[in-house]
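Comments concern the structure below.
Numbers for residues simply follow the sequence, beginning at 1.
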Amino acid sequence: MAGILVCLTAALPASAGVEECGNIRFDELSSCEVRVTAECSASCSELGIYKTACATKLVPVCKTECSLSAEATCTDGCTTQCKTDCDRGINVICSHNCFVECTTERDVKCAGAADVAQCSATWDANCDSECDAQCVTVDGDCYQHCVECCGGSCTADANMDCQTTCQDEIFEECEHEFRANCNASCSGDGALFCEGKYVISGSQLPACVNALLAQGVSVEVEAEVSIGPDGVSGDLAAGMCAASPGTKASLAAPFAALAAAAGWLARRRRRSSDVSR
């Protein structure tokens, strides 16, 4: 098995990610491949790649003690801005805007952390979890979408310190567990990496790859592939990416919604700053 290269060819759902792949957020990842033998083992030795996977895994674990409600000062200010934005014709979509809204202060707040990458991973995973819960069943107009978006981002904000403290206590153990699973899989089923980040390994690979295909992610098979005892069922040729410069252009699709969301958020932040002055 030489490898599988995952090419994003359509905008994936703006949720935390694909359940079969450990709920990793794929709309911000590209250059995914299944690695085996020496290349896989070398990748498994880089502990930093497990942070995204561990943070995603640990958020629901820590939710048992991190279950604060959103603070009124956060939701009130946010929903007031929602009315202004929607009245001005800005199209706010909860599933597109919530994560962007939630992570606006991440880089600043994590800058002084002992482990910046871990802090950022925890922040993203917490935002994903709360935004998914808040946005999954929204059925309404712009204002309703915006209000639900506020609820998700403000709930994440209320629980951020708790999530960070809770995950700090068990993060190292989680990283070592992922490393052990990765190493064990390198001589057999292999492990999936995206931009150097560990995603999943071993017997879970077939379900993950098939789920990616079902979500609009095509798979380029560079050589004969056999993943796990059951393999990856079906003819993958129909999902192959074109091996040409045009392939890279397809990566733009998943970022279109995020770019629109970022523009909305930037305008919103500038207006909020002007008001505070």
Side-chain angles (χ1 to χ4, degrees), residues 4-8 12-35 39-40 42-63 66 98-100 102-107 109-111 113-133 152 156 159-160 163-183 185-186 190-202 204-205 207-209 211-212 215 217 251 254-255 258:
I4 289 179
L5 179 65
V6 177
C7 304
L8 304 181
L12 294 179
S15 62
V18 181
E19 182 178 0
E20 294 86 349
C21 301
N23 281 328
I24 295 297
R25 172 181 282 272
F26 278 87
D27 60 358
E28 293 188 340
L29 295 175
S30 59
S31 302
C32 301
E33 59 183 331
V34 172
R35 296 176 182 172
E39 184 181 7
C40 179
S43 298
C44 289
S45 68
E46 302 171 15
L47 275 178
I49 64 179
Y50 304 106
K51 297 190 186 299
T52 298
C54 276
T56 304
K57 177 182 178 180
L58 294 178
V59 163
V61 174
C62 289
K63 266 194 174 182
C66 303
C98 186
F99 180 79
V100 183
C102 187
T103 55
T104 302
E105 298 181 357
R106 175 195 59 211
D107 293 346
K109 293 294 181 67
C110 288
D115 189 326
V116 175
Q118 179 179 320
C119 176
S120 297
T122 298
W123 195 293
D124 287 355
N126 185 36
C127 285
D128 264 331
S129 177
E130 297 299 343
C131 287
D132 277 1
N159 288 283
M160 200 66 72
Q163 278 283 345
T164 300
T165 300
C166 174
Q167 291 198 28
D168 278 346
E169 298 175 356
I170 51 181
F171 212 93
E172 185 175 355
E173 179 183 347
C174 177
E175 285 186 312
H176 283 290
E177 178 185 346
F178 272 125
R179 181 176 181 176
N181 291 340
C182 184
N183 278 323
S185 297
C186 284
L192 176 65
F193 298 86
C194 293
E195 295 181 351
K197 299 177 186 290
Y198 171 84
V199 176
I200 209 163
S201 61
Q204 295 172 292
L205 273 175
C208 177
V209 172
L212 291 177
Q215 292 284 3
V217 180
L251 296 175
F255 294 94
L258 290 179

Go through Phe178 and Cys54 one step at a time and tell me if the side-chain contact (heavy atoms from CB on, under 4.5 Å) criterion holds. CA-CA 8 Å; Phe178 272 125; Cys54 276; 3.2 Å; yes
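- Using a 4.5 Å heavy-atom cutoff, the side chains of Glu130 and Lys63 are in contact.
- For the side chain to side chain contact (heavy atoms under 4.5 Å, CB included) test, residues two or more places apart in sequence or in another chain that qualify with Cys66 are Cys62, Asn159, Cys162, Gln163, Cys166.
- How far CD of Glu169 is from OG1 of Thr164: 11.5 Å, rounded to the nearest 0.5 Å.
- Cys110-Cys119 SG separation is under 2.5 Å; the pair is scored as a disulfide.
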Decide side-chain contact (heavy atoms from CB on, under 4.5 Å) for Thr56 and Asp128; before the verdict, give the C-alpha distance in whole Å, the side-chain angles of both, and the deciding distance to 0.1 Å. CA-CA 9 Å; Thr56 304; Asp128 264 331; over 6 Å; no
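- With sequence neighbours excluded, the residues that form a side chain to side chain contact (heavy atoms under 4.5 Å, CB included) with Ser201 are Asn181, Ser185, Ala191, Tyr198.
- SG atoms of Cys127 and Cys98 are separated by 2.5 angstrom or more, inconsistent with a disulfide link.
- Counting heavy atoms from C-beta on, the side chains of Thr103 and Asp124 come closer than 4.5 Å.
- Under the side-chain hydrogen bond (donor to acceptor under 3.5 Å, both in side chains) criterion, Asp107 pairs with no residue at all, not counting sequence neighbours.
- Distance check for Cys131 and Cys102: the SG atoms are not under the 2.5 Å cut-off.
- Looking at Gln167 and Val61, their side chains never come closer than 4.5 Å, going by heavy atoms from C-beta outward.
- Partners of Ser43 by side-chain hydrogen bond (donor to acceptor under 3.5 Å, both in side chains), not counting sequence neighbours, listed by chain and number: Arg35.
- Pairs of residues two or more places apart, or lying in two chains, that qualify as salt bridge (Lys or Arg N to Asp or Glu O under 4.0 Å) and include a residue from residues 44-59 are Lys51-Asp115, Lys51-Glu175, Lys57-Glu177.
- Shown here are the side chain to side chain contact (heavy atoms under 4.5 Å, CB included) partners of Cys21, two or more places apart in sequence or in another chain: Val18, Phe26, Val199, Cys208, Leu212.
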